[in-house]
There are 2 protein chains.
Amino acid sequence: MAKDNTTESLLRQCADAGMRRTAALEACLRVLVEAPQPVTLQDIPKSPAFKVNADPATIYRLIQRLEERRIVRRIGFHSRAAHYCLRQQHHHDYLVCRDCGTVEVLDIACPVAHLEKQISTESGFADIDHELEFYGRCAACQ
Amino acid sequence: MAKDNTTESLLRQCADAGMRRTAALEACLRVLVEAPQPVTLQDIPKSPAFKVNADPATIYRLIQRLEERRIVRRIGFHSRAAHYCLRQQHHHDYLVCRDCGTVEVLDIACPVAHLEKQISTESGFADIDHELEFYGRCAACQ
DNA sequence: TTAGATGCAAACGATTTGCGCGGAA
DNA sequence: TTCCGCGCAAATCGTTTGCATCTAA
């Protein structure tokens, strides 16, 4: 498979936002498109979908630009490293094991999306989104 | 003011959980009791409520033990440093500015507490709690 | 007396930044 | 041709750990 449509459309979106079309950018986007769950900066070059060489600093700066342009979303979890996923994908909430760090994507209707507008009005904050994670001990760690 | 009841009761709780009653522990607890919002490890010794000298490593290990005993809760936000607050205090959700990092405590009934049991049943995870933050741009940063 | 706490200093891991070269537009 | 993006290397920052000493119980 060369470039699937999704990666291609993201690349166009990046170009429209003033980013140059480089091999590293394309590789990062492809990893994000194929990732079943949020990835860390170190995960990215390890993915088989990442077919070029790139310096960690380059990946860092790319993701930073993608985040500024609101193409990717940063997620905290509780690990030392930040995780990232595409905003274009459907919003998810997560279930994380506090012992082993396993992340599961929750398949529930997000229960708080409707609060954003209300909070925005009451607080004066703009561009509100949210992050919701459940933490517990997974079956294997109990 | 010497030792308010809250700090004193936490100290007892710690003793019951096998921790020794030390000056550093008491100072940490007092800072947490008085903090209007979650604090970082570096914030703790800067607080006027922290009246002794203590090494960062000591504070780190104290908070770690308090977290293991589930006396304090860790919160991610998106800053580099983790934040901590007392679990005994009423659970809160937060509104954070993505530009300046300001944290506001949200005064809303938490909309997801009731989901924890359901998620626990469906996933096999135990001891579930959650973290919910809204991110936006505060009035000053717009 | 003695297991748990502390201080000091060094190790770590994940970014984060400065700089000069190279390639997309 | 220009300016953005890249690799390389060094600097930061927030922990995290090893070890010898101290002290609450």
Side-chain angles (χ1 to χ4, degrees), chain A residues 3 8 10-29 31 38-47 50-69 71-72 74-84 98-99 101, chain B residues 3 8 10-31 38-47 50-69 71-72 74-84 98-99 101 103:
Chain A
K3 286 165 223 162
E8 188 56 35
L10 282 166
L11 231 19
R12 260 194 302 277
Q13 208 176 314
C14 290
D16 291 348
M19 294 175 73
R20 290 187 179 177
R21 179 175 194 128
T22 66
L25 173 59
E26 185 179 328
C28 279
L29 290 176
V31 171
V39 295
T40 66
L41 292 182
Q42 349 287 310
D43 291 337
I44 293 176
K46 290 181 199 152
S47 159
F50 197 85
K51 303 198 204 305
V52 299
N53 289 317
D55 193 85
T58 298
I59 297 175
Y60 166 75
R61 283 185 277 225
L62 277 174
I63 295 295
Q64 195 173 253
R65 273 173 264 156
L66 289 170
E67 197 193 348
E68 280 165 12
R69 287 163 177 72
I71 292 169
V72 308
R74 180 212 293 240
I75 304 180
F77 296 150
H78 275 171
S79 77
R80 197 136 135 190
H83 288 69
Y84 299 89
R98 21 175 115 70
D99 288 350
Chain B
K3 284 165 227 170
E8 189 55 37
L10 283 167
L11 233 18
R12 261 194 302 277
Q13 207 176 315
C14 290
D16 291 348
M19 293 177 74
R20 289 190 178 174
R21 179 173 194 127
T22 66
L25 174 59
E26 184 178 330
C28 279
L29 290 175
R30 187 165 308 167
V31 171
V39 295
T40 66
L41 293 182
Q42 350 286 310
D43 291 338
I44 293 175
K46 291 181 197 151
S47 159
F50 197 87
K51 304 199 203 304
V52 300
N53 289 318
D55 192 84
T58 298
I59 297 174
Y60 165 76
R61 284 184 277 226
L62 278 174
I63 295 295
Q64 195 174 252
R65 275 173 261 156
L66 290 170
E67 197 194 347
E68 280 164 13
R69 288 163 177 71
I71 292 169
V72 308
R74 178 214 293 242
I75 305 179
F77 295 149
H78 276 171
S79 77
R80 199 136 130 184
H83 288 69
Y84 299 89
R98 17 176 118 73
D99 288 350
V103 174

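Keep in mind that this is a model prediction, so the values were computed, not measured. What you see below is based on every heavy atom in this structure, not just the backbone, and it leaves out hydrogens, waters and symmetry mates.
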Axis-to-axis angle between the two ends of the helix from C:dT1-D:dA25 to C:dA25-D:dT1 (five base pairs per end, rounded to 10 degrees)
40°

Quick check: do [X] and [Y] have side-chain heavy atoms less than 4.5 Å from each other?
X	Y	value
A:Leu62	A:Met19	yes
B:Leu41	B:Pro56	no
A:Ile63	A:Ile44	yes
B:Val39	B:Ser47	no
B:Leu25	B:Leu66	yes
B:Cys14	B:Leu29	yes

For B:Glu26, does its backbone N or O pair with a side-chain atom of B:Arg30 as donor and acceptor, under 3.5 Å?
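Not confirmed, B:Arg30 side chain does not pair with B:Glu26 backbone.
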
Rounding to a whole Å, what distance do you find between [X]:[atom1] and [N]:[atom2]?
X	N	atom1	atom2	answer
B:Met19	C:dA5	CE	P	6 Å
B:Gln42	D:dT12	CD	P	16 Å
B:Asn53	C:dC8	CG	C1'	14 Å
B:Glu67	D:dT15	CD	C1'	13 Å
B:Leu25	D:dT23	CG	C1'	15 Å
A:Lys46	C:dG13	NZ	P	12 Å
A:Leu66	D:dC4	CG	P	17 Å
A:Asp43	C:dT15	CG	P	10 Å

Between D:dC6 and A:Thr22, is there an OP1 or OP2 to side-chain N/O distance shorter than 4.0 Å?
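Yes.
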
Residue A:Asn53 excluded, over 12 heavy atoms near CG under 6.0 Å
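Counting neighbours around CG of A:Asn53, 12 or fewer heavy atoms of other residues, nucleotides or ligands fall under 6.0 Å, so no.
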
Under 4.0 Å between a side-chain nitrogen and a carboxylate oxygen: does that hold for A:Glu8 and A:Arg21?
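Yes, charged N to carboxylate O under 4.0 Å.
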
Toward the 5' end of DNA chain C, which comes first, A:Tyr84 or B:Ala54, by nearest nucleotide?
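Counting from the 5' end, the first nearest nucleotide belongs to B:Ala54.
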
Give me the residues of residues 55-65 of chain B where at least one heavy atom lies under 4.0 Å from an atom of DNA chain D, by number, or none.
B:Ala57, B:Tyr60, B:Arg61

B:Arg80 (side chain) and D:dT12 (base): donor-acceptor pair under 3.5 Å:
yes

Is it the case that C:dA3 (base atoms only) and B:Arg20 (side chain only) share a donor and an acceptor within less than 3.5 Å, ignoring hydrogens and angles?
yes

